[in-house]
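Some notes on the structure that comes next.
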Amino acid sequence: MPENYEPKIVAFFCNWCTYLAADLAGTSRMKYAANTRVIRVMCSGRVDPQFVLEAFAKGADGVLIGGCHPGDCHYQEGNYKALRRYYLLKRTLREMGIEEERFRLEWISAAEGDRVRTVVNDMVQKLRALGPRKMNPAIEPELEEVAAS
Amino acid sequence: MTPEQAAKTSKGYLYFPGCSLRATGVAYEESLVELFRLLNIPLVELPDWNCCGATSYMCIDEGSAFLLSARNLSLAHTVNSRDLLAPCAACYLVLKKTQDYAAKHPKIRTQVEESLARGGLPPFDGVKVRHPLEMLYNDVGRDTLKSNVIRRWRGGRIACYYGCQAVRPYDEVDTAYNPMRMDELLQDVGAPTVDYALKTKCCGGSLTGTVHEVGVRLNYILLKEAARKGAEAIVTICPLCQFNLDAYQAEIRKATNEPIDMPILYFTQVLGYALGGDPKKLGLHRGISGRDLIKRWFPAHEEVEAYV
Amino acid sequence: MSERNGIVRIGVYVCHCGTNIAAIVDCKAVAEYAGGLYHVTVSRDYKYLCSDPGQELIRQDIRDHKLNRIVVASCSPHLHEHTFRTAAEGAGLNAFYVHMVNIREHNSWVHENREAATKKAQDMVRAAVRRVVFHQSLEKVRVPVHPDVLVVGGGIAGIHAALTLANAGKKVYLVERQPTIGGHMAMFDKTFPTLDCAACILTPKMSSVKAHPNITLWAHSDVTKVEGYVGNYKVEVARRPRYINEDLCSGCLECIEACVYKEPKFIDEFNMGLGKRKPIYIPFPQAVPQMPLIDIDTCIQFKSGKCKKTCVQACGDRHAIDFSQKEEIRNIEVGTIIMATGFKAFDARRTPYYGYGTYPNVYTSLEVERLVNASGPTAGDVVLRDGRKPKTVGIIHCVGSRDEGTNRWCSRVCCMYSLKLAHLLKEHTDAEIFNFYIDIRTPGKGFEEFYQRLLSEGVHFIRGRVAEVTDWALDPTEENKLVLRVEDTLLGTVRRIPVDMVVLSVGIEPHEDAQDVRRLFNFGCGSEGFFLERHPKLAPVSTFTDGIFVAGCCQGPKDIPDTVAQAGAAAAEALALIDTGFVEQEPNTAYVIEDECSGCKTCVPMCPYSAVYFNADTKRAGIHQVLCKGCGTCVAACPSGSIKQHLFEDDQIFEEIEGVLTYA
Amino acid sequence: MSEKAKVAFYWCASCGGCEEAVVDLAEKILEVSAAVEIVLWPVALDFKRKDIEAIPDGGIVATFLNGAIRSTEQEEMAHLLRRKSKVMVALGSCSQLGGIPGLANLWDRSAILEAVYKGSPSTVNPEGTTPQTAYKDNGRTPTLPMLYNTVRTLDQVVDVDYYIPGCAPAAKLVLDAVETLLSGNLPPKGTVLAPDRALCDECPRRDTRPDKLELAEFKRPHQIIADPEKCLLAQGLLCLGPATRGGCGGLCTKGNMPCTGCYGPTSRVRDYGGKALTALASIIEAKDDTDIEKVLAGIPDPVGTFYRYSLPASLLKRKTLEA
């Protein structure tokens with residue numbers, strides 16, 4: 001693992017719960033790891049699986065989706081849609097060699113600033129332990145020795 | 001008895017006596033064994049058990065204290081899947097605390113597990129630590145107990161004293177404020193209990209040995225208030241409480257000139273007698289204080305009578 | 001992209017926010033970095049961008065440099081997005097070409113490492129720069145606001161809000177769960193610190209509610225369904241049966257007199273169980289609506305069907321009593337909603353060490369309010385449950401407040417009402433009174449003066465949290481007394497204070513069903529269960545759901561003056577919306593590109609608002625723009641990428657993702 | 001003859017089905033062959049590599065290349081044909097998206113050789129012989145093309161002008177494409193020469209799909225006798241029609257089989273599998289975590305299902321392996 005390896009996490013936070021929770025963590029001056037890059041969406045239900053795939057394709061070490069707690073969605077049920085996609089996508093990613101810890105869905109309400117802190121710190125810690133992403137093999141394998149007759 | 005209760009009790013329990021039940025608290029062990037025999041519940045002593053460390057070791061060296069206690073849990077884990085019964089409140093608390101801390105602090109867990117592994121012992125997960133009061137209340141149940149009563153209560157009123165360790169900080173035995181389960185069980189066998197505000201107040205613990213005056217005064221308060229509420233005896237669930245309350249009454253009489261002479265019993269003795277147990281086998285002859293009363297309340301020659 | 005959107009000229013502005021951002025993020029470095037990014041024409045850092053000169057700086061740049069995209073890296077968009085959009089509009093740029101990067105709440109305030117924070121800010125700015133290239137000019141959607149208002153809860157907050165709105169000529173529906181309005185305030189005897197009689201100042205307001213032509217009062221009713229959005233809420237209210245026809249009842253109350261139960265026999269809820277009532281009853285004499293109701297759990301007619309029905313005889317020709325009354329459902333349309341659902345007094349049984357429920361002479365403060373009240377169950381005579389008159393009283397502050405074991409927050413009122421009750425109990429009984437407090441908090445107009453007055457009245461104050469209330473006696477002075485064991489932290493010693501009566505000054509909690517209620521209305525709650533305001537300082541009566549406002553203790557503990565002030569503020573917010581006549585909606589709606597849609601219908605069940613529909617003629621999906629709330633769930637679901645969302649286009653989000661992950 | 005447009009057909013990693021699509025032109029092929037001069041078509045005509053090398057750069061009007069690129073030989077030929085052709089057309093799923101051979105991207109070369117030449121139950125290879133890229137034999141060193149670790153789409157190797165989707169492409173699409181190219185009225189570069197709407201648009205079952213379809217479980221075709229009229233997805237079958245570009249006319253769905261997605265995504269989609277996944281996951285009824293998992297157990301092979309034809313073209317392109 002390279003020295004001072006810092007995982008990069010793309011976080012999709014819903015506008016009404018988790019984004020506000022992250023705002024609250026800020027106004028409460030809670031300190032947490034600087035590894036996330038938050039992309040605001042109106043609802044966790046807006047997170048197209050393509051966004052997650054794109055993030056991983058472009059080298060993200062982890063993707064975090066933050067939504068409202070079940071039953072608390074600002075749009076009633078968008079978070080359930082996110083949940084269903086999450087499970088299927090997680091299985092797909094696993095088969096593509098992306099470890100489970102790298103993709104996470106968390107319900108964090110607007111009042112749970114502290115949870116943003118703990119979830120981000122926890123994820124960063126787990127990803128640090130996991131190390132950098134596995135590599136794609138070179139397209140062209142190293143030529144083997146020509147066998148003698 | 002519900003099918004779940006029956007399944008649980010017929011399987012029986014592992015039993016961790018600890019040091020007290022083999023020394024000052026031998027009556028507790030005797031009455032517990034007799035009571036379980038009467039209820040036809042198997043009780044298997046944990047093989048090769050060791051000192052629980054008690055609370056004092058915790059204050060000196062937490063790491064070693066946890067290990068001491070964890071060894072017993074690990075042994076219990078090895079034996080079989082039965083719950084582990086710890087009648088002594090100190091043993092009970094220390095075992096629970098070890099599990100709790102290991103669950104909450106991975107570092108403690110790892111340390112303890114590594115040490116256990118060096119001794120060839122498996123991890124200590126999954127053993128359920130139980131206290132007989134809560135076990136009788138939940139697993140046997142009030143109805144079963146009541147239906148097994150064959151002796152009428154001939155004694156007076158009783159103050160139920162729970163002490164501190166069985167109900168704090170874990171509340172599985174009963175709540176820390178005004179616990180009632182022992183009261184209910186004793187009422188079920190016919191013994192009237194009094195409202196006793198000091199149920200979970202301090203008995204002095206080891207203070208009776210270290211700062212003697214303070215320890216004895218605490219016992220004096222407990223005894224006096226029980227008497228003031230009309231109780232003629234105190235019933236306990238902890239060997240240390242029983243010993244403190246029982247042993248210093250003569251000293252208190254001398255110091256206060258008050259005629260305090262009150263039997264201090266184990267709840268297992270009262271329950272066991274009601275279910276037809278032999279007073280001797282229940283260790284009822286071992287009490288120091290209130291011996292006359294004990295003799296009157298629990299006569300050995302008393303015929304067992306049908307009592308429905 | 002340039003073909004689609006013309007020549008892109010981006011201005012990037014990095015705000016120091018004083019030292020709030022600049023202390024951790026190297027704003028200059030971020031601005032310099034942004035200056036080197038493709039499409040960026042101007043890049044600056046500035047002390048306070050939200051200030052007038054800051055905004056003018058942006059406007060001037062738009063004019064001077066023909067900027068057509070603006071990226072502002074500062075605080076949360078929830079705080080200042082509107083500010084910067086408006087600034088851009090001031091220079092003739094469409095508001096939706098502005099994008100904010102949150103480098104304060106999400107960065108400088110939560111990070112400590114300057115290098116990492118600066119790097120993160122640069123990543124986020126880069127993402128925004130790439131994102132805004134794909135921004136488009138959008139029009140805000142205007143939606144008319146229905147002028148009627150729903151006020152939920154008829155305590156002092158709801159009453160004041162309803163009257164304020166009604167007096168301004170707006171039609172108000174006031175829905176109250178209890179059979180009468182008045183709330184907790186109606187139970188109080190006097191109010192601190194002025195000691196004016198609660199009933200004297202409240203009951204006239206209650207009567208005006210009933211009499212006001214603009215107010216429709218539905219007591220004994222529940223809101224059961226809420227649909228719609230700001231300006232256009234559809235609300236269903238269930239009116240539980242009182243078994244009294246409100247149109248026919250004259251409020252003479254002769255039926256109560258005539259009930260077959262000659263004497264009141266059943267627990268009287270309004271008097272906290274200290275008094276009794278009949279099966280047909282009115283909660284208290286000044287109740288509004290002035291109308292009895294029948295409790296079906298105790299009424300003989302309901303229990304056996306074999307009552308002589310003397311009440312019906314007494315009612316006579318009015319025929320107001322109707323045993324067959326059923327729940328009625330009313331549907332209303334309103335534009336705005338004010339939540340004033342109040343609080344629940346802390347249940348003293350949760351602190352068993354204070355003996356409430358064990359020792360009869362332990363009272364809660366609300367019970368004492370009734371006990372000292374001249375119209376209470378004892379007509380103001382302070383007699384204990386065992387018939388004695390107290391010679392000594394202990395008042396324990398902060399029961400269920402400031403306590404890790406129960407509630408951590410301060411109730412904000414128990415200091416002052418404990419002082420008030422001390423004064424009243426002294427006045428009524430001349431007893432010796434002990435107040436047990438953690439801290440005395442009197443930060444209100446006239447509050448500290450009231451405290452000084454109590455000190456001079458000879459009330460004792462012992463600083464310390466009471467450990468327990470018990471009946472064990474150490475000596476004869478404690479016989480038949482309740483003993484408070486407390487560490488007097490000023491003396492540094494443990495004391496035992498024997499008293500006849502204990503008053504538990506209980507704290508303020510959210511209602512048990514607060515979570516259900518706010519889900520019904522679809523807005524947020526704090527973790528403790530109080531309704532969450534949009535901003536603790538700048539939007540204290542707004543919620544995150546537009547058009548729904550909060551007032552009173554449902555938002556958090558507060559006293560009557562603050563509650564009334566908040567209720568007025570909530571009414572004013574509602575009025576502002578109504579008088580504007582319309583709301584501008586964020587144009588973040590989803591839309592179908594019809595020509596590309598295959599009509600697969602995957603999107604249709606995604607929408608909880610039925611905004612997405614399938615057009616059976618064209619065989620294409622469509623989205624009602626007015627009904628769409630902009631969650632984007634259908635966009636993420638569309639399997640052929642034929643639904644898009646303004647402000648959250650796929651391209652914009654992809655650019656953001658790539659932006660935060662690309663190292664330039 | 002000399003004024004006739006030169007056209008080449010070539011196949012790389014593919015099954016030959018696309019060649020069939022050309023043959024499927026039936027009598028129309030005569031019109032095509034009358035209009036053009038075929039300079040390369042290994043499946044049907046005997047031309048050599050040197051023949052192509054002899055053609056000046058840009059001398060071929062259009063090359064229709066089917067198959068993915070997974071060996072040195074395929075890569076060389078792709079480059080050669082690109083150089084010689086004005087227009088390069090990726091023909092069929094393999095060439096456009098990687099196709100079925102693209103699923104090899106779940107492994108690497110050594111794992112594949114291991115499985116094919118040693119591990120598979122039907123293999124008898126006691127000496128454990130595996131293909132060598134060169135072999136010294138009596139002073140000669142014959143060579144074989146080398147298999148790559150990763151399968152690539154044609155456009156990941158050379159510049160591609162147009163795509164004809166499908167496994168195999170419908171004959172009509174091939175014909176239309178040829179006609180379009182010959183007409184000189186060329187669409188924008190990068191265009192997929194098929195409709196840009198999803199399959200549902202041309203599926204006769206569309207109207208039977210309920211407006212609000214939510215599924216409690218997924219079924220596999222052998223588990224039910226599918227109703228021949230009703231929307232297959234509404235019957236619980238994993239039909240990927242909503243995510244898949246149309247153009248085939250619903251060949252599979254008309255045959256009572258669900259769409260498996262060979263025409264790939266529409267132009268607005270970056271990752272076919274991501275969208276296919278959302279098309280199904282979004283309409284699951286369950287809310288509870290364990291219930292959702294239970295429903296998803298009905299999709300036992302998500303990558304094989306969602307990326308059956310498009311793994312190399314997906315955003316992730318292949319499975320990552322230990323470094």
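Order of the sequence lines sets the chain letters (A, B, ...), proteins ahead of strands, with each chain counted from 1. Here the structure is a predicted model, which is why all the values come from computation and not from measurement.
Of the possible polar contacts, none joining the N149(D) side chain to the E140(A) backbone as a donor-acceptor pair under 3.5 Å is found. With hydrogens and angles ignored, the 3.5 Å screen pairs no side-chain donor or acceptor of Q50(A) with any backbone N or O of G274(D). Without hydrogens or angle criteria, T92(A) side chain to V303(D) main chain gives no donor-acceptor distance under 3.5 Å.
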Checklist entry - Given the rule in the side-chain contact (heavy atoms from CB on, under 4.5 Å) test, do K134(A) and L321(D) qualify, once you have shown the distances and angles that lead to the verdict? => result CA-CA 6 Å; K134(A) 285 185 277 188; L321(D) 300 170; over 6 Å; no
Next on the checklist: With side-chain contact (heavy atoms from CB on, under 4.5 Å) as the criterion, how do M96(A) and L311(D) come out once you've worked through the C-alpha distance, each side chain's angles and the decisive distance to 0.1 Å?
Outcome noted: CA-CA 10 Å; M96(A) 296 294 282; L311(D) 190 54; 3.4 Å; yes
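Minimum interatomic distance between Y148(D) and I139(A) (heavy atoms only, all atoms of both residues): CB-O, 3.2 Å. Summarising the geometry of K319(D) relative to N136(A), their closest heavy-atom pair is O-OD1, 3.9 Å, with the distance given to 0.1 Å.
The CZ atom of F306(D) lies 10.0 Å from the CD atom of E95(A); values are rounded to the nearest 0.5 Å.
Contact annotation: the side chain of P302(D) never approaches that of R94(A) to less than 4.5 Å [non-hydrogen atoms, C-beta and beyond].
Residues of residues 287-298 of chain D lying within less than 4.5 angstrom of chain A, judged on heavy atoms, are K287(D), D289(D), I292(D), E293(D), L296(D), A297(D) in numerical order. Of all residues spanning residues 262-269 of chain D, those with a heavy atom less than 4.5 Å away from chain A's heavy atoms are V269(D), arranged by number. Contacts from residues 74-90 of chain A to chain D, taken as heavy-atom pairs separated by less than 4.5 Å, involve E77(A), Y80(A), K81(A), L83(A), R84(A), R85(A), Y87(A), L88(A), L89(A) in sequence order. The interface of residues 23-38 of chain A with chain D, defined by heavy-atom distances below 4.5 Å, is empty.
If you measure heavy-atom distances from R70(D) to chain A, you find no contacts under 4.5 Å at all. With a threshold of 4.5 angstrom between heavy atoms, Q156(D) does not approach chain A through any atom at all. For I283(D), no part sits under 4.5 Å from any heavy atom of chain A, backbone or side chain.
Taking chain A as the reference chain and counting heavy-atom pairs below 4.5 Å, the highest number among S110(D), A281(D), G304(D) is found for A281(D). Counting heavy-atom pairs under 4.5 Å between each of L277(D), T278(D), T305(D) and chain A puts L277(D) at the top. Contact count against chain A (heavy-atom pairs under 4.5 Å) is highest for L315(D) among D108(D), T150(D), L315(D).
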